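What follows is a set of notes on a single structure, which appears directly below.
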Amino acid sequence: MNMHIPLRVLQEGEEAAVSSFSPAQDSAVLADNHGRRFSYLRLSITDVCNFRCNYCLPDGYQGTDRSGFLTLEEIRRIAAAFAAMGTRKIRITGGEPSLRKDLPDVIRTLKQTPGIETVALTSNGYRLTQQIRDWADAGLDQLNVSIDSLDPQQFKAITGHDKLQEILDGIQLARELGIRHIKVNAVLLKAWNMNSFQHFFDWLRTTPVTLRFIELMETGDNGEFFAANHVSGDSVKQTLLSRGWTEKPRGPHDGPAQEFSHPDFAGDIGLIMPYSKDFCSSCNRLRITAQGKLHLCLFGEQGYELRPLLDEDDTQTLQQHIRTLLGNKKTSHHLEQGETGATRHFAMLGG
Ligand code: SAM
Ligand code: SF4
């Protein structure tokens, strides 16, 4: 059966994916010792990737063990436990999640979990045109696609793949299928895409997507590249403000991205500035790796093994364990001091 069900149209501000919890429910919501509430889970389903983004996997995927990723049943148990603790949005990520053949089943399983309102996916989009219908049929609500340059040659130089036009066609198809809230992620790279920055603005004039500029983050593997290519998000923010973009009001449950709009542009711009002061105070997300480890921070020193608790369908015990682990979550990362924790590259845990 290949029914094309139009994707649900999401409203602005739904990024945080928090429904209004009633006071009675509130006590059960996952919260840390610093008053932050976690309604958003980033779930990696594979760490394998077919791209060679120069800031992430410049030599391509080096792992040999392609087995051992979370099974569908383990994913279902994780989703059920988090949903019971107030998680309303799950983003599927990787590596490249679309390399998993059962991705539509993963989407469907998450979408059918009571309490999960939004299922999102981050992908490099390399087979978007072929796969988006199946994802839509399975119930995908939200799509983020990474495009670091709108110059085809530059795109190829950054990712190792000559796929820009195909990916743009895939985004167009996603829009035709009913996704109105598509985000495009672009990492700011001094020596690569900053000289073609204008392409992004030209594109946004007529394209109703949110383009999110992400400040390049240092990881264990990319120190030299980071030193040569980091551009402060604040300099981009000043450019936006000087060109008439205005910052959108933030909702109480919004994540760390700052969002901007402009009356002459169909699209919006988001800025993710992990080096800015107070970035961590609005943290609303936890992460799980494809091997089932809970990471309390993208730059934490360790992941906490959940797998032994996934053997049985015991949501209560799993919830209790996660609540206990959350006590270890620190107020902030120390990325600005070059402390990248255990993260060698983002393909390890999904960004
Ligand atoms: N492969 C998929 C993709 O690229 O969209 C999903 C995984 S990827 C790790 C998730 C996001 O992290 C992408 O938007 C990517 O550009 C971003 N990313 C990877 N390494 C990064 C880094 N060192 N600094 C900032 N963003 C990074
Ligand atoms: Fe792969 Fe995404 Fe990393 Fe690029 S950023 S190498 S597409 S995991």
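Order of appearance sets the numbers: ligands from 1, and atoms from 1 within every ligand. Given the structure is predicted, the values throughout are model-derived calculations rather than measurements. Computed over heavy atoms, backbone and side chain alike; hydrogens, waters and symmetry mates excluded.
Using cut-offs of 30° and 60° for the angle between ring planes, the F51 and Y126 rings count as perpendicular. F213 and F200 have perpendicular rings, their planes meeting at more than 60° on a 0 to 90° scale where under 30° would count as parallel.
Of the charged side-chain nitrogens involved, at least one lies within less than 4.0 Å of a carboxylate oxygen, so that E166 and K163 count as a salt-bridged pair.
Between the side chains of E215 and S232, no donor-acceptor pair is found at a separation under 3.5 Å. A side-chain donor-acceptor contact under 3.5 Å links S98 and E96. Looking at K248 and Q258, their side chains never bring a donor and an acceptor atom within 3.5 Å of each other. Remark: the T315 side chain and the R77 side chain contain no N/O donor-acceptor pair separated by less than 3.5 Å. Defined by atom type and a distance below 3.5 Å, a donor-acceptor pair is missing between the side-chain atoms of D162 and Q153.
The backbone N or O of V209 sits nowhere less than 3.5 Å from a side-chain atom of T207 that would complete a donor-acceptor pair.
Short contacts between ligand 1 and E215, defined as distances under 4.0 Å to a heavy atom of the residue, involve ligand atoms 25 (C). Counting the atoms of ligand 1 from 1 in the order shown, those under 4.0 Å from a heavy atom of S146 are 3 (C), 4 (O), 5 (O), 13 (C), 14 (O). The N124 neighbourhood of ligand 2 comprises atoms 7 (S), with distances under 4.0 Å to a heavy atom of that residue. Annotation for ligand 1: atoms under 4.0 Å from non-hydrogen atoms of N124 are 2 (C), 3 (C), 5 (O). Near G94, meaning under 4.0 Å from one of its heavy atoms, ligand 1 places the atoms 7 (C), 9 (C). Applying the 4.0 Å criterion to heavy atoms of F51 picks out, from ligand 2, the atoms 6 (S), 7 (S). Each of the atoms 23 (N) of ligand 1 lies under 4.0 Å from some heavy atom of N222.
For atom 4 (Fe) of ligand 2, the nearest non-hydrogen atom of the protein is C53 SG, 2.3 Å. The closest protein non-hydrogen atom to atom 3 (Fe) of ligand 2 is C56 SG, 2.5 Å. Of all protein heavy atoms, the one closest to atom 27 (C) of ligand 1 is F346 CD2, 3.3 Å. Of the protein's non-hydrogen atoms, the one nearest atom 10 (C) of ligand 1 is G350 O, 3.7 Å.
Contacts with ligand 1 closer than 4.0 Å are made by no heavy atom of C53, backbone or side chain.
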Stepwise, does the side chain to side chain contact (heavy atoms under 4.5 Å, CB included) test hold for C53 with T159?
CA-CA 4 Å; C53 299; T159 63; 4.0 Å; yes

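At least one N, O or S atom of C49, from either the backbone or the side chain, sits less than 2.8 Å from atom 1 (Fe) of ligand 2.
In terms of polar-atom proximity, defined here as any N/O pair under 3.5 Å, G95 does make such a contact with ligand 1. Inclusion of T93 in the set of residues having an N or O under 3.5 Å from an N or O of ligand 1 is not warranted. For ligand 1, the polar-atom distance check finds an N/O of M217 within less than 3.5 Å of one of the ligand's N/O atoms. Distances between N or O atoms of Y55 and those of ligand 1 include at least one value under 3.5 Å. For the pair N185 and ligand 1, the shortest N or O to N or O distance falls below 3.5 Å. Checked against a 3.5 angstrom limit, the closest N/O atoms of T122 and ligand 1 fall outside it.
Around atom NZ of K330, no more than 12 heavy atoms belonging to other residues, nucleotides or ligands sit under 6.0 Å away.
Under a cutoff of 6.0 Å and an axis angle of 45°, R243 and F201 form a cation-pi pair.
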